[in-house]
There are 2 protein chains.
Amino acid sequence: MNISDVAKRAGLPAKTIRYYEEIGLVKPPRDTNGYRAFRESDVHKLAFLSRARALGFTIEDCRTLLTLYEDKTRASADVKELASAHLHKIEDKIAQLQSMRDTLSELVQSCAGDDRPDCPILKDLAARGSPA
Amino acid sequence: MNISDVAKRAGLPAKTIRYYEEIGLVKPPRDTNGYRAFRESDVHKLAFLSRARALGFTIEDCRTLLTLYEDKTRASADVKELASAHLHKIEDKIAQLQSMRDTLSELVQSCAGDDRPDCPILKDLAARGSPA
DNA sequence: CCTTGACCTTCCAGTGACAGGAACCCTTAT
DNA sequence: ATAAGGGTTCCTGTCACTGGAAGGTCAAGG
């Protein structure tokens, strides 16, 4: 199967698939004309990667997940640990963004948003931390 | 004032300050020995940038905010619009992360995390979208 | 046989916002 | 004189791609 069909089936851009090959995540054989000839197993792997990436796992995490996936003697604890660590990072990130959102939301609400120059948003950026 | 003192006062690494100069956000004059000689106005600008970055504004947004800050005839509406747009992006990002978190959280909870290979996390990554 | 268009290939550059490190200069204290 | 602790520039690397140029391949139509 050629790359554009694989792209559709895996839900990944062709460029991304080439990149994944470059970094060794998939190793499709080649036709005599030099085209990548994807097997079903390659498509399956790529779909796996697509879903793992959609859950925010890094490429290196994905590499590990693929290895675990293919290792039939894996311990589910290893997978769970990886996923848990990632979950914590996401939760940290959410908390951080929520904090930004709360501050920003207040600032936006406090700004008149008219044609006058007076602006609490700029005032806050200029003065926070240095009370004058 | 030398860069490391400015770094402390503005709450930014020296490397970052040099980078901000490189991209034209600050333009400190130089001493005869080649050292950057920061003025109070430079420190003030850098502190402004530090706070804007902490709220997640991009560098280009920061550049615009600085321009607006220094333009005493600005309309607060322009500032508010920029901040609102940024707020929406943050909210989108939060929603996206929360969706990841919800999925991941379920998967992690459903995984035994012992020494057996059976793992719902890997199963989900392999099979989601292709019901078998 | 030729062309057209849609594929495919590789390779190079750019993204955002820095961080790390090498190699070297300046200042101050001992 | 030297050593420590500033400062400087310049180059590379990060992360996960994306865009684009230059060129090979294939199937269909005239």
Side-chain angles (χ1 to χ4, degrees), chain A residues 1-39 42-43 45-46 48-66 85-86 89-90 93 96-97 100, chain B residues 1-39 42-43 45-46 48-66 85-86 89-90 93 96-97 100:
Chain A
M1 195 169 4
N2 279 349
I3 200 166
S4 65
D5 296 311
V6 177
K8 276 167 209 151
R9 282 188 54 196
L12 288 172
K15 278 262 178 188
T16 299
I17 295 174
R18 292 197 192 96
Y19 172 67
Y20 286 176
E21 185 198 28
E22 190 186 326
I23 63 175
L25 287 178
V26 285
K27 306 192 190 343
R30 300 295 182 119
D31 274 344
T32 50
N33 59 13
Y35 288 18
R36 290 169 184 82
F38 294 88
R39 299 154 295 190
D42 295 316
V43 179
K45 255 193 203 182
L46 287 165
F48 182 101
L49 288 168
S50 176
R51 290 189 279 263
R53 290 289 298 130
L55 287 180
F57 286 103
T58 66
I59 290 286
E60 286 317 304
D61 281 350
C62 289
R63 198 188 295 278
T64 305
L65 284 170
L66 260 188
H86 179 48
K89 276 187 206 149
I90 286 182
K93 188 80 190 167
Q96 187 191 340
L97 286 173
M100 284 183 192
Chain B
M1 194 165 10
N2 279 348
I3 200 164
S4 64
D5 297 312
V6 177
K8 277 167 209 151
R9 285 188 52 197
L12 289 171
K15 277 265 179 187
T16 298
I17 296 175
R18 292 198 191 95
Y19 172 68
Y20 286 177
E21 186 199 29
E22 189 186 326
I23 63 174
L25 287 177
V26 284
K27 305 192 193 341
R30 299 295 182 119
D31 273 343
T32 50
N33 60 11
Y35 288 18
R36 290 168 184 82
F38 295 88
R39 298 155 295 189
D42 294 317
V43 180
K45 254 191 204 183
L46 287 165
F48 182 101
L49 289 168
S50 176
R51 291 188 278 265
R53 290 288 298 132
L55 287 180
F57 285 102
T58 66
I59 290 285
E60 285 316 305
D61 280 351
C62 289
R63 198 188 294 278
T64 305
L65 285 170
L66 260 188
H86 178 48
K89 275 186 207 149
I90 286 183
K93 188 81 190 165
Q96 187 192 338
L97 286 173
M100 284 181 191

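So you know, we letter chains A, B, ... as the sequences are listed, proteins then strands, and number each from 1.
Comparing C/dC18, D/dT9, C/dC8 by their closest approach to the side chain of B/Arg36 singles out D/dT9. You'll find that the side chain of A/Arg30 is closest to C/dT9, out of C/dC8, C/dT9, C/dA19. Proximity note for B/Lys15 (side chain, C-beta onward) versus C/dG20, C/dA17, D/dG19: the nearest is C/dG20. Of the candidate nucleotides D/dG7, C/dC18, D/dA16, C/dC18 has the atom nearest to the side chain of B/Ile59.
As rounded to whole Å, 15 Å separates atom C1' of D/dA16 from atom CG of A/Leu46. Rounded to an integer number of Å, the gap from B/Asp5 CG to C/dT27 C1' is 14 Å. For the pair B/Asp61 CG and C/dG16 C1', the interatomic distance rounds to 13 Å; values are reported in whole Å. For the pair B/Met1 CE and D/dG6 C1', the interatomic distance rounds to 16 Å; values are reported in whole Å. Note: NZ (A/Lys8) to P (C/dA6) measures 13 Å, nearest angstrom. The CD1 atom of B/Ile3 sits 13 Å away from the P atom of D/dG6 (whole-angstrom rounding).
Looking only at distances, no side-chain donor or acceptor of B/Asp31 sits under 3.5 Å from a matching main-chain atom of B/Asn33. Formation of a donor-acceptor pair under 3.5 Å by the B/His86 side chain with backbone atoms of B/Asp61 is not found in this model. A distance-only check finds no donor-acceptor pair linking the side chain of B/Ser50 to the backbone of B/Leu12 [under 3.5 Å].
Remark on DNA chain D: of its neighbouring residues A/Leu12 and A/Tyr35, the 5'-side contact belongs to A/Leu12, judged by nearest-heavy-atom nucleotide. Remark on DNA chain D: of its neighbouring residues B/Ala14 and A/Glu60, the 5'-side contact belongs to B/Ala14, judged by nearest-heavy-atom nucleotide.
Using a 4.0 Å cut-off, some side-chain N or O of B/Arg53 falls inside it from OP1 or OP2 of C/dC18. Distances shown here put every side-chain N or O of B/Arg63 at or beyond 4.0 Å from the OP1 or OP2 atom of C/dG16. Using a 4.0 Å cut-off, no side-chain N or O of A/Asn33 falls inside it from OP1 or OP2 of C/dT9. Contact check, B/Thr58 against C/dG16: no side-chain N or O comes under 4.0 Å of OP1 or OP2. Using a 4.0 Å cut-off, some side-chain N or O of B/Thr16 falls inside it from OP1 or OP2 of C/dA19.
Salt bridge A/Lys45/A/Asp42: absent, no basic N to carboxylate O contact under 4.0 Å. Here B/Glu60 pairs with B/Arg63 in a salt bridge; the nearest charged N to carboxylate O distance falls below 4.0 Å.
For the segment residues 17-26 of chain A, the set of residues with a heavy atom within less than 4.0 Å of an atom of DNA chain D comprises A/Tyr19, A/Tyr20, in numerical order.
Separating the CD1 atom in B/Ile59 from the CG atom in B/Leu49 is a distance of 7.0 Å, to the nearest 0.5 Å.
Taking each heavy atom of A/Pro28 and A/Arg39 in turn, the nearest pair found is CA-NH2, 4.1 Å.
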